[in-house]
Amino acid sequence: MVDCVEYGIYLNYGGRFIRDPTLRTEEDVNSGDEYIDIPWLTDNEDEEWQAARTQYKDSVKFYRDDADIDRALFDPTEAFVDDGLSDSIDSNDEVSFVTTSDDSEAEEARRRRSLHKVFDDSIVNPEFEVGMIFLSRKQFKDTVLAHSIYVKRETILKKNDKKRVRAVCADKRPILGLDGAFLKGSCKGQLLSAVGRDANNQMYPIAWAIVVGESTSTWTWFLEFLNHNLKIGDGEYYTFVLDQQKNLFPKARHRRCAWHIYANFRKEHKGKALQRWFWITTKSTNEGEFKRNLEELNKSKPAAKDYVMKLDPKFWCKAFFDTYATCDVVHNNMTKAFNGFILDARHKGPLSLLEDLRRKCSRRNIEKLEFAEKKFKVDFGPKIWEKIEDHRDKMSRCHIKSQARWHYEVQEQPYSFLVNLRDQTCSCRVWQLNGIPCRHGMLVIQHRHENYEDYMHPCYRKQAYIDTYKHEIIPIDGMQLWADSGMPEVDPPIPKNTPGRPKKKRHLEEWKKN
């Protein structure tokens, strides 16, 4: 029988092993292993036990503060990684156990139940869960890489040191606007388009096609081709902004264009006050703000409130948008900008129109690359700096009232908001919705003497802009050199005569000018 000469705790915290010797025996001493001396050993067992508990608490507090991972196990934005052996071993059960035993039958096996699932590296398509445990930094980074390849999304490591590894999606959008525009030449029809946003918050044409007219069948045909080229699948990673329901992707997020909603709203509810409160309600960024603004709309005209609430606000109000797209638009203005960009071409025949579009977009890509070199200021474009300056101007109305490490209470009379700088969130939700620090977040960043740019979403950076426009549209031969496809010629749509002279300039109603 061996004598126990010391006892203590073996602690694994924050990816570090802390040795307060446990069951140190003569055999351990003779092995040559190094142990920490315990100066508080006495002949009184009660005193020793109390001292051991105090030492344990002090150790936990010290390494929590030192490692800066006090919420790592419970924080969905950070994964807990451990370069040593794990306290949990994956099993067929939903939870994991560790069993330690001796050869002696007298010692009963001890089990420790893990509250968090251990990652299974045998899975081909890795999926993450809040609190999931990885056995090493390398395993976590390899899993993030595998996942980003599978979902075709670029990721970057915002934190990558011995204490923490944090991975974020490097891209937005994808957010796409869908719309149709009438052709104005002798051959009537409609041009369907899908338009995205670039890193300067400007339109980026993605796809277009000429059809006889807007219908379920023509939109289905267009979206099937879009799906084939972009590999959209069930639409899980996409957000669509549209005037009407054109749903081919069951898991996609949908937003209804607020301009289209207002055009119908004002037929029954006219007036400056109703117009003002409609748009203020639409642009509410959190539920508390939405309820207050909706009540103001109700005070102006109860029937107006009833009208807008017939439509689910998750389709038209920022307060109910998720934050996946890093874009807070409530309208389809990008497709309207595209339709204006091609206005002259819309007066031509189908083939000439498509050739004009190809050339316009080819020139535009080159011009945008030149624009990036000349106009981007400190890694961000002019449109993004406008937003930054707007938030900074409103920052003077805000004051920090309390703080605790990463958390700050910011007051903007008569309301207060919670800013979590580590998670880059604010309870006003502006920061989460568009990836640009809100005025409350900017106040905290300034208070800590840090740079706003370090807290901007990477989708707005100059490199993201360049990556968008660096893909060239290769010039082709003129039509006189095109090979005969052997397919039947496509007949143009049957012309429809409309009364009056064709309009070349879009007429804006008075309410749209404001």
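The first residue of the sequence shown is numbered 1, and numbering continues consecutively from there. The structure displayed is predicted, hence computed values, not measured ones.
Atom CG in N293 sits 12.0 Å away from atom NZ in K283 (nearest 0.5 Å). The structure places CD1 of I384 at 6.0 Å from CE of M456, a figure rounded to the nearest 0.5 Å. Put simply, NE2 on H331 and OG1 on T282 are 10.5 Å apart, with the number rounded to the nearest 0.5 Å. Interatomic distance, CZ of R276 versus OG1 of T281, reported as 10.0 Å (0.5 Å rounding). Rounded to the nearest 0.5 Å, atoms NZ (K374) and CG (L369) are 12.0 Å apart.
Residues that satisfy the salt bridge (charged side-chain N to carboxylate O under 4.0 Å, His left out) test with R253, not counting sequence neighbours, are D322. For S217, the side chain to side chain donor-acceptor pair (under 3.5 Å) partners two or more places apart in sequence, or in a different chain, are S215. Residues meeting the side chain to side chain donor-acceptor pair (under 3.5 Å) test with R364, sequence neighbours left out: Y469. With sequence neighbours excluded, the residues satisfying salt bridge (charged side-chain N to carboxylate O under 4.0 Å, His left out) with R461 are D379. With sequence neighbours excluded, no residue satisfies salt bridge (charged side-chain N to carboxylate O under 4.0 Å, His left out) with K368. For F380, the ring pair (Phe, Tyr, Trp, His ring centres under 6.0 Å) criterion is met by no residue, not counting sequence neighbours. F320 is linked by a ring pair (Phe, Tyr, Trp, His ring centres under 6.0 Å) to F290, counting only residues two or more places apart in sequence or in another chain. The side chain to side chain donor-acceptor pair (under 3.5 Å) test applied to E389 returns R392, not counting sequence neighbours. Contacts of K314 classified as salt bridge (charged side-chain N to carboxylate O under 4.0 Å, His left out), with partners at least two apart in sequence or in another chain: none. Remark: F321 pairs with no residue by the ring pair (Phe, Tyr, Trp, His ring centres under 6.0 Å) rule, at least two apart or across chains. In this structure, the ring pair (Phe, Tyr, Trp, His ring centres under 6.0 Å) partners of F265, at least two apart in sequence or on a different chain, are Y262, H269, F278, Y307.
Atom CG of D344 has 12 or fewer neighbouring heavy atoms from other residues, nucleotides or ligands inside a 6.0 Å radius. Atom NZ of K301 is surrounded by more than 12 heavy atoms from other residues, nucleotides or ligands within 6.0 Å. More than 12 heavy atoms of other shown residues, nucleotides or ligands fall within 6.0 angstrom of atom NE2 in H471.
Pairs engaging residues 425-442 under the side chain to side chain donor-acceptor pair (under 3.5 Å) rule: E412-R439, E412-H440 [sequence neighbours left out].
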Trace of the side-chain contact (heavy atoms from CB on, under 4.5 Å) decision for I342 with L191: CA-CA 10 Å; I342 62 169; L191 183 77; 3.1 Å; yes

Q463 and D467: CA distance, side-chain angles, deciding distance, side-chain hydrogen bond (donor to acceptor under 3.5 Å, both in side chains) verdict: CA-CA 6 Å; Q463 188 57 52; D467 289 343; 2.9 Å; yes

Intermediate values then yes/no, side-chain contact (heavy atoms from CB on, under 4.5 Å), Y452 and H391: CA-CA 11 Å; Y452 307 134; H391 293 177; over 6 Å; no

Trace of the side-chain contact (heavy atoms from CB on, under 4.5 Å) decision for V378 with E453: CA-CA 8 Å; V378 195; E453 295 88 342; 3.9 Å; yes

Test log, rule side-chain contact (heavy atoms from CB on, under 4.5 Å), inputs V241 and T335: CA-CA 10 Å; V241 185; T335 57; over 6 Å; no

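A donor-acceptor pair under 3.5 Å links the side-chain atoms of N227 to the main chain of G233, judged by distance alone. Proximity of a side-chain donor or acceptor of D454 to a complementary backbone N or O of E450 within less than 3.5 Å is not detected. Side-chain atoms of N286 come within 3.5 Å of backbone atoms of E289 as a donor-acceptor pair (strictly under, hydrogens ignored). D234 places no side-chain N or O within 3.5 Å of a backbone atom of P250 that could act as its donor or acceptor partner. Between the side chain of Q411 and the main chain of K401, no donor-acceptor pair closer than 3.5 Å is present. Here the side chain of W316 pairs a donor or acceptor atom with the backbone of L311 at under 3.5 angstrom.
Within the 4.5 Å cutoff, side-chain heavy atoms of P437 are placed close to those of I445. Residues Q275 and R266 have side chains not in contact (no heavy-atom distance under 4.5 Å, counting atoms from C-beta outward). V165 has its side chain within reach of K141: a pair of non-hydrogen atoms, C-beta onward, lies under 4.5 Å apart. Between D179 and K336, some side-chain heavy-atom pair lies under the 4.5 Å cut-off. Counting heavy atoms from C-beta outward, I366 and R363 have side chains that stay 4.5 Å or more apart. Between W385 and I388, the closest side-chain pair of non-hydrogen atoms falls below 4.5 Å. In this structure the side chain of R292 reaches within 4.5 angstrom of the side chain of Y415, judged on heavy atoms. The shortest side-chain heavy-atom distance between F371 and F376 falls under the 4.5 Å cut-off.
Across every non-hydrogen atom of R358 and I473, the tightest pair is CG-CG2, 4.0 Å. Heavy atoms only, all atoms of each residue included: D198 and N200 are closest at OD1-N, 2.8 Å. Here the closest non-hydrogen pair linking I175 and R255 is CD1-NH1, 3.8 Å. Among all heavy-atom pairs drawn from C428 and C438, the shortest one is SG-SG, 3.8 Å. Nearest approach of L353 to R346, heavy atoms of both residues: CD1-CA, 3.7 Å. The shortest heavy-atom contact between K318 and D328 is CE-O, 3.1 Å.
Ion pairing between a basic and an acidic side chain is recognised when a charged N comes within 4.0 Å of a carboxylate O; R359 and E355 show such pairing. K387 has no carboxylate O lying under 4.0 Å from a charged side-chain N of D390, or vice versa, which leaves the two without a salt bridge. Ion pairing between D243 and R256 fails under the 4.0 Å rule for side-chain N and carboxylate O. The pair K360-D356 fails the salt-bridge criterion, with no side-chain N (NZ, NE, NH1 or NH2) lying under 4.0 Å from an Asp/Glu carboxylate O.
Classified by interplanar angle (parallel below 30°, tilted 30° to 60°, perpendicular above 60°), the ring pair F341/F338 is tilted. Ring geometry for Y237 against Y324 counts as tilted: the plane angle lies between 30° and 60°, on a 0 to 90° scale.
The distance between the ring centers of W259 and W279 falls below 6.0 angstrom. Under the 6.0 Å cut-off for aromatic ring centres, Y238 and F249 do not qualify, their centroids lying 6.0 Å or more apart.
Cation-pi geometry between K188 and F182 is not satisfied (NZ or CZ under 6.0 Å from the ring centre, within 45° of the ring normal).
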